[in-house]
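A short worksheet on the structure shown next.
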Protein chains: 2
Amino acid sequence: MPTIKDVAKLAGVSTATVSRAMMNPEKVSEKTRLKVELAVAESGFSPNVIARNLRRSESKTIVVIVPDIANMFFASIVRGIQQVALNNGYKVLLGDSIHTVEQAKAYMDLVRSKQADGIISLTAELPMEIRQGTEIPMVMACEYFPGFPIPTVRIDNRGSAKRAVDYLLDIGHSRIGCITGPMENPICVDRKAGYQDGLQQVNIESDEAAFEDGDFSFQSGYSAFMRLHQQYAMTALFCFNDMMALGAMKAATQLGIKVPQDLSIVGFDDLLFAEYTNPELTTIRQPQEDIGKTAANTLMKILQGGKANQDTIVPTQLLVRASCTSPKK
Amino acid sequence: MPTIKDVAKLAGVSTATVSRAMMNPEKVSEKTRLKVELAVAESGFSPNVIARNLRRSESKTIVVIVPDIANMFFASIVRGIQQVALNNGYKVLLGDSIHTVEQAKAYMDLVRSKQADGIISLTAELPMEIRQGTEIPMVMACEYFPGFPIPTVRIDNRGSAKRAVDYLLDIGHSRIGCITGPMENPICVDRKAGYQDGLQQVNIESDEAAFEDGDFSFQSGYSAFMRLHQQYAMTALFCFNDMMALGAMKAATQLGIKVPQDLSIVGFDDLLFAEYTNPELTTIRQPQEDIGKTAANTLMKILQGGKANQDTIVPTQLLVRASCTSPKK
DNA sequence: GTGAAAGCGCTAACAA
DNA sequence: TTGTTAGCGCTTTCAC
């Protein structure tokens, strides 16, 4: 593999000129630029980016920490991130933290060791240290810690959950079960609060028996519904994500509970498959790619030394499909 | 951020010794090793990996090219890759080629420019040049080109498809529709051949009207079924992946065709959601994480200068669930 | 077992 | 506009 030296020799100029011709073509005369371009083509030269990175002390790489790469919700966000990163000349290093803070920490160390310039975290399962702030250029998307000195891009979880519950209330339900996520997670706390806001507004008192925890997986939605069904008589169900909604739907079907006739279900996220469930899933849409793009743009701004918005809230939307109907009398 | 020089000064040794103490502790006396470790801890030194990479001319990074990161099928494979890569001290750079060879080429250039050591491609949409072989350490997973000088990890597509069709035949079907993928894709050619093998074995002649092309998306499965339904009377349907199977299932349901009573459906892949469709989807299981792990192990072997198997075939499995039944008389 | 020194390939002052 | 020069931070001979 030829180096910049070879090209310089071939073109009969100095390495500095070759470098300039490639990085700042306008700082070089037309003639020499052509010579250099020719030499580059002839030698098949491709600059060693590692060397460049070392010299300029930047890596043009960002790390995306996801808690679970097999979770479709994150995939779409990553796609959005990837798009703007690429447009800005950045590569995306994928970090699956598998829900452990040790892994997350390992990925954060990549910026300490200059292998990455910044981080976008799609999980709040991060080392405690960063609670007091961090010099690492970083933005969080979807998840967050309250009172955390890191810019975030997320939705109004509380308002969105309330929106879902309001809808169920509107069409006549009053006994609404709820399959939550892990309640250590602030966004779950928010969504639960939103659920309660909805009930409170119409003076229905909240019943702890209406809740069961899941962990956002299909399986957990299934088993949470099996438990919930034992302890709480309901005509509607709100799930904190689509995957659990689908799990619950399967459980209901197995129990001979018809959706939506006997049980209305609302999900959260609007994953690709939500349109293809049977019945089609009514859900709160999160603009996943937009979230990714916004997060990436925010990080780009920080990386360019700019000041980023502390928090960006992106809008959600209730998507009414076929999994809900008014309760039987 | 302190450099190795600072550590050396602090420990009262040379930079060479610090380097040795970290890379080959056994090449250094107990005493100096301790001194160095202390100095490292005290200064909070973290080696600049870029500089190391430059010096050793390796990046300890592999690139995974996926045609579509939002496709769940690839996500699980990536997870498998990530696991073994990490265990071997490699990072994973994610490359979403969005089904374009230009993007794929851009990612392949990362190894030319020393930013990555090797590539795992989950797509065959690659630049033609590599048909004549390439010096780039590379392995393909899932997809392949026939007669291609690159090690692959994949399944027996033809046999697996035949397996699916055999099953439908066994339970009494003889009119079996087929939603294929893009037929430029060799794995689709194989699967179609497998379908035909199955029919041929029981002397049913293949009918071109039984086929409709999809592109592996939910949406394409939906519309392919809508077309197929017009042109071919069938009691069973074989889809080249689960996403299209789900799309077709939705289309059938909309048309008042009951699954499985009026139409049996078999998918391919066994995505996470296949267990949660209504009815649950009978499908050919591909061991996605295993494929990823095997591909990564193969690449590791190549990177270590070893010779890799040209082709590894991993086994599939027919998963019988609820989306199929014998045809009505 | 340890240190001195060379240099990986590139970029960016600074001179000319 | 171009060349000279000095590193970026590390590893690795080669001496000692």
Side-chain angles (χ1 to χ4, degrees), chain A residues 1-40 43-61 89 91 109-117, chain B residues 1-40 43-61 89 91 109-117:
Chain A
M1 189 100 279
T3 73
I4 200 172
K5 250 181 177 166
D6 302 318
V7 178
K9 201 169 294 172
L10 203 60
V13 298
S14 73
T15 61
T17 302
V18 175
S19 177
R20 277 191 213 103
M22 305 195 69
M23 303 280 293
N24 315 77
E26 75 283 2
K27 297 215 158 195
V28 137
S29 78
E30 177 88 20
K31 219 168 66 186
T32 53
R33 212 191 61 231
L34 257 41
K35 275 196 299 190
V36 170
E37 278 167 1
L38 202 74
V40 166
S43 61
F45 169 70
S46 167
N48 181 323
V49 177
I50 296 278
R52 172 184 299 164
N53 288 344
L54 175 58
R55 180 57 229 245
R56 309 189 52 165
S57 72
E58 64 179 10
S59 63
K60 288 288 182 184
T61 299
K91 283 138 275 162
D109 283 342
L110 292 176
V111 359
R112 286 218 177 67
S113 58
K114 302 285 189 214
Q115 298 181 87
D117 297 339
Chain B
M1 189 101 280
T3 74
I4 200 172
K5 250 183 180 164
D6 302 317
V7 178
K9 200 168 296 173
L10 204 58
V13 297
S14 73
T15 61
T17 301
V18 175
S19 177
R20 278 191 211 102
M22 306 195 68
M23 303 282 293
N24 315 76
E26 76 282 3
K27 297 215 161 197
V28 136
S29 79
E30 177 88 22
K31 218 169 66 185
T32 51
R33 212 190 61 228
L34 256 41
K35 275 196 299 189
V36 170
E37 278 168 2
L38 202 75
V40 166
S43 62
F45 169 70
S46 166
N48 181 321
V49 178
I50 296 277
R52 171 184 299 165
N53 289 344
L54 174 59
R55 180 56 228 245
R56 310 188 51 165
S57 72
E58 64 179 9
S59 63
K60 287 288 182 184
T61 299
K91 286 138 272 161
D109 283 341
L110 291 176
V111 359
R112 286 219 175 66
S113 56
K114 303 284 189 215
Q115 298 181 88
D117 298 338

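Atoms considered below: every heavy atom in the structure, side chains included; atoms not considered: hydrogens, waters and symmetry mates.
- Scanning all heavy atoms of the two residues, the minimum distance from R56(B) to M23(B) falls at NH1-CE, 2.5 Å.
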Give each protein N/O atom lying under 3.5 Å from an N/O atom of nucleotides 3-5 of chain D, with the pair distance.
from: dG3(D); atom 1: OP2; to: S14(A); atom 2: N; distance (Å): 3.0
from: dG3(D); atom 1: OP2; to: S14(A); atom 2: OG; distance (Å): 3.2
from: dG3(D); atom 1: OP2; to: T17(A); atom 2: OG1; distance (Å): 2.5
from: dG3(D); atom 1: N7; to: R20(A); atom 2: NH2; distance (Å): 3.1
from: dG3(D); atom 1: O6; to: R20(A); atom 2: NH2; distance (Å): 2.3

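- Straight-line distance from the CZ atom of R112(B) to the P atom of dG9(C): 17 Å, rounded to whole Å.
- Of the candidates dT2(C), dT11(D), dC10(C), the closest approach to any side-chain atom of R56(B) belongs to dT11(D).
- Protein atom NZ of K9(B) is 14 Å distant from nucleotide atom C1' of dG9(D), rounded to whole Å.
- Regarding K114(B), its NZ atom lies at a distance of 10 Å from the P atom of dC10(C), rounded to whole Å.
- If you measure from atom CD of E26(A) to atom C1' of dT2(D), you get 15 Å, rounded to the nearest angstrom.
- Ranked by how close their nearest DNA chain C nucleotide is to the 5' end, I4(A) and K31(B) are led by K31(B).
- Across I50(B) and K114(A), no two heavy atoms sit closer than the pair CG1-O, 3.1 Å.
- Contact between V7(B) and V36(B) at its shortest, heavy atoms only, is CG1-O, 4.4 Å.
- Under the salt bridge (charged side-chain N to carboxylate O under 4.0 Å, His left out) criterion, E26(B) pairs with no residue, sequence neighbours left out.
- Rounded to whole Å, the distance from CZ on R33(B) to P on dT2(C) is 11 Å.
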Tell me, with the steps shown, if N48(B) and T3(B) meet side-chain contact (heavy atoms from CB on, under 4.5 Å). CA-CA 8 Å; N48(B) 181 321; T3(B) 74; over 6 Å; no
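- Non-hydrogen atoms lying under 4.0 Å from DNA chain C are contributed by L54(B), all within residues 46-54 of chain B.
- Consecutive Watson-Crick or G-U pairing (both distances under 3.5 Å) extending over three or more pairs maps onto DNA chain C as C:1-16 with D:1-16.
- Protein atom CE of M22(B) is 14 Å distant from nucleotide atom P of dT12(D), rounded to whole Å.
- Backbone-only engagement by T3(A) is indicated by non-hydrogen atom pairs under 4.0 Å involving sugar-phosphate atoms exclusively.
- Atom NZ of K60(B) is separated from atom C1' of dC10(D) by 16 Å (rounded to the nearest Å).
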Applying side-chain contact (heavy atoms from CB on, under 4.5 Å) to N53(A) and L54(B), what does each step give before you reach the verdict? CA-CA 9 Å; N53(A) 288 344; L54(B) 174 59; over 6 Å; no
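- L38(A) meets the side chain to side chain contact (heavy atoms under 4.5 Å, CB included) test with no other residue; sequence neighbours excluded.
- Listed by chain and residue number, nothing satisfies the salt bridge (charged side-chain N to carboxylate O under 4.0 Å, His left out) test with R20(A) (two or more places apart in sequence, or in another chain).
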Kindly determine whether M22(B) and R52(B) satisfy side-chain contact (heavy atoms from CB on, under 4.5 Å), including the steps that lead there. CA-CA 12 Å; M22(B) 306 195 68; R52(B) 171 184 299 165; 5.6 Å; no
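- Taking a cutoff of 4.0 Å between a charged side-chain nitrogen and a carboxylate oxygen, D6(B) and K9(B) do not qualify as a salt bridge.
- In plain terms, the two heavy atoms of K60(B) and D117(B) that are nearest each other are N-OD2, 2.7 Å.
- Atom P of nucleotide dT12(D) and atom CG of N24(B) are separated by 8 Å, given to the nearest angstrom.
- If you check every strand for non-hydrogen atoms under 4.0 Å, S29(B) touches sugar and phosphate atoms only.
- Scanning both residues, S43(B) and L10(B), for their nearest heavy atoms gives CB-CD2, 4.1 Å.
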